[in-house]
Amino acid sequence: MSDSARIEESSLRLAGKEFGSRLIIGTGKYRSFSEMKEAHKASGAEMVTVAVNRVPLDGSTESFLDHLDPSMQILPNTAGCFDSEHAIRTARLAREALGTDWIKLEVIGDKTTLLPDNEQTLEAAKVLVAEGFIVLPYFSDDLIMAKKLLDAGCPAVMPLAAPIGSGLGVQNPANLRIMREQLKDALIIVDAGVGTASDAAIAMELGADAILMNTAIAEASDAPKMARAMKLAVEAGRLAFESGRMPKRLYASASSPIEGAIQ
């Protein structure tokens with residue numbers, strides 16, 4: 001099979017849309033709009049998340065919305081919401097202002113760690129799914145909650161790798177691996193905590209279908225170059241997962257077997 005065919009097979013299909021890139025990118029913390037645009041282009045991402053509570057949706061002042069590639073799928077998010085009611089209102093506002101049913105659902109449970117409130121997230125997800133939203137929920141890496149969110153009608157789940165903006169990388173690889181093995185047909189998008197390219201590759205090698213990131217790129221000394229690194233890491237990690245890695249062994253195994261060798 002040709003490399004091009006393999007890449008085509010590896011595209012991400014989500015809520016009836018197909019994306020060539022498995023990297024979803026953010027819009028916050030960039031030092032300038034031009035830097036953001038360069039990073040977005042270098043990333044190859046086809047979906048971008050927008051914090052509804054942190055941007056003037058009426059267009060009264062210039063914002064990053066004015067600098068987004070119009071071909072990208074906009075994924076509004078409910079960042080800054082601390083209960084289900086606020087998240088639901090924010091999602092409705094986003095649909096009205098941005099003309100999309102897509103929503104990344106965030107309900108934060110703690111202002112210091114920014115860890116999600118899984119119960120409030122599930123409550124909001126049920127309401128929004130019933131209203132026709134395409135809900136992509138951010139939650140802690142909990143298998144049982146993942147099942148509940150999928151049962152509620154979410155087309156994908158978005159477990160964290162580590163706290164938002166921490167750059168710590170995947171802290172509980174076993175949890176993500178278990179989630180992948182137990183939810184074979186579910187779309188799993190790792191969200192939050194990735195710090196560098198190796199973190200992204202590890203998450204993809206564990207079986208994530210995609211990764212959403214922002215700070216790791218925006219706060220890099222060279223954001224466009226890091227965006228390019230993340231693009232390659234996501235691609236490499238996915239290919240490695242699809243290829244099936246060799247088993248780990250306690251002892252050596254010769255690369256060139258000695259059976260039948262000339263003595």
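Hydrogens, waters and symmetry mates are skipped; everything else that's a heavy atom, side chains included, is used. These numbers were taken from a predicted model, which means no experiment stands behind them.
For the atom pair CD1 of Ile25 and OG of Ser43, the computed distance is 3.5 Å after rounding to the nearest 0.5 Å. Remark: Thr215 OG1 to Ile164 CD1 distance equals 8.5 Å, nearest 0.5 Å. Note that CG of Asp141 and CG of Asp191 are 12.0 Å apart. Values are rounded to the nearest 0.5 Å. For the atom pair Met204 CE and Ile188 CD1, the distance stands at 11.0 Å (nearest 0.5 Å). Distance check: Leu68 CG to Ser71 OG gives 10.0 Å after rounding to the nearest 0.5 Å. Note that the NZ atom of Lys148 and the CE atom of Met145 stand 5.0 Å from one another [nearest 0.5 Å].
For Arg31, the side-chain hydrogen bond (donor to acceptor under 3.5 Å, both in side chains) partners two or more places apart in sequence, or in a different chain, are Glu35. Every ring-ring contact (aromatic ring centres under 6.0 Å, His included) that Phe33 has, sequence neighbours left out, goes to His67. Residues forming a side-chain hydrogen bond (donor to acceptor under 3.5 Å, both in side chains) with Glu123 (at least two apart in sequence, or on another chain): Ser84. For Leu143, the side chain to side chain contact (heavy atoms under 4.5 Å, CB included) partners at least two apart in sequence or on another chain are Lys147, Ile178, Met179, Gln182, Leu183. The side chain to side chain contact (heavy atoms under 4.5 Å, CB included) search around Ala79 returns Ala51, Arg54, Asn77, Glu106, not counting sequence neighbours. Not counting sequence neighbours, Ser221 has no partner by the side chain to side chain contact (heavy atoms under 4.5 Å, CB included) test. Taking Ala200 as the reference, Val194, Ile211, Met213, Met230, Ala233, Val234 meet the side chain to side chain contact (heavy atoms under 4.5 Å, CB included) condition, with sequence neighbours excluded.
Pairs of residues two or more places apart, or lying in two chains, never qualify as salt bridge (charged side-chain N to carboxylate O under 4.0 Å, His left out) while including a residue from residues 37-50. Contacts classified as side chain to side chain donor-acceptor pair (under 3.5 Å) and involving residues 198-209 (residues at least two apart or in different chains) are given here: Arg180-Asp209. Contacts classified as side chain to side chain donor-acceptor pair (under 3.5 Å) and involving residues 129-139 (residues at least two apart or in different chains) are given here: Arg92-Glu131.
The number of heavy-atom neighbours closer than 6.0 Å to NZ of Lys29, taken from other residues, nucleotides and ligands shown, is above 12.
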side-chain contact (heavy atoms from CB on, under 4.5 Å) evaluation trace for Phe82 with Gln120: CA-CA 8 Å; Phe82 289 86; Gln120 291 285 302; over 6 Å; no
Check against side-chain contact (heavy atoms from CB on, under 4.5 Å), Val48 and Ile24: CA-CA 6 Å; Val48 60; Ile24 304 170; over 6 Å; no
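Although no hydrogens or angles enter the test, the distance criterion places no donor-acceptor pair under 3.5 Å between the side chain of Arg245 and the main chain of Ala240. A donor-acceptor pair under 3.5 Å links the side-chain atoms of Thr121 to the main chain of Asp117, judged by distance alone. Of the possible donor and acceptor atoms, one in the side chain of Asn214 sits under 3.5 Å from a partner among the backbone N and O of Thr27. Proximity of a side-chain donor or acceptor of Asn172 to a complementary backbone N or O of Asn175 within less than 3.5 Å is not detected.
Taking both residues in full, the closest heavy atoms of Ala162 and Gln171 are given as CB-CG, 3.8 Å, listed atom of the first, atom of the second, then distance. Counting all heavy atoms, side chain and backbone alike, Thr49 lies closest to Pro76 at OG1-C, 4.4 Å. When all heavy atoms are compared, the tightest approach of Tyr30 to Ala223 is CE2-CB, 4.1 Å. Ala197 and Ala229 get closest at one heavy-atom pair: CB-O, 4.0 Å. Across all their heavy atoms, Ala45 and Ser21 have their closest contact at CA-OG, 3.7 Å. Closest approach of Thr78 and Ala91 over heavy atoms only: CG2-N, 4.2 Å.
Between Val50 and Lys104, the closest side-chain pair of non-hydrogen atoms is not below 4.5 Å. The shortest distance between side-chain heavy atoms of Leu14 and Leu187 falls below 4.5 Å. Proximity of Lys17 to Trp102: side-chain heavy atoms (C-beta onward) are separated by under 4.5 Å at one or more points. Two residues are said to be in side-chain contact when any heavy atoms from C-beta on lie closer than 4.5 Å; Leu149 and Pro137 meet this criterion. Under the 4.5 Å side-chain criterion, counting only non-hydrogen atoms from C-beta, Leu176 is in contact with Pro159. You'll find the side chain of Ile108 stays beyond 4.5 Å of the side chain of Cys81, heavy atoms only. In this structure, Leu206 and Val190 have side chains that are not in contact, with every pair of non-hydrogen atoms separated by 4.5 Å or more. Side-chain atoms of Met72 and Met47, non-hydrogen and from C-beta on, never get closer than 4.5 Å to each other.
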Sequence neighbours excluded and cut-off under 3.5 Å, please list the side-chain donor-acceptor pairs for residues 151-158, or say none.
none

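Note on Ile189 and Leu160: separate hydrophobic clusters, where clusters join Ile, Leu, Val, Met, Phe, Trp and Tyr whose side-chain heavy atoms are under 4.5 Å apart, directly or indirectly. At a threshold of 4.5 Å between side-chain heavy atoms, the hydrophobic network of Ile, Leu, Val, Met, Phe, Trp and Tyr places Ile74 and Ile134 in two separate groups. Hydrophobic clustering (ILVMFWY, side-chain heavy atoms < 4.5 Å, transitive): Leu12 and Leu212 are in one cluster.
Taking Ile, Leu, Val, Met, Phe, Trp and Tyr as members and joining any whose side-chain heavy atoms lie under 4.5 Å apart, directly or through other members, the hydrophobic cluster of Leu105 also contains Ile88, Ile103, Val107, Val127, Leu128, Val129, Phe133, Val135.
Checked by atom type, the side-chain pair Ser140/Asp142 shows no donor-acceptor distance below 3.5 Å.
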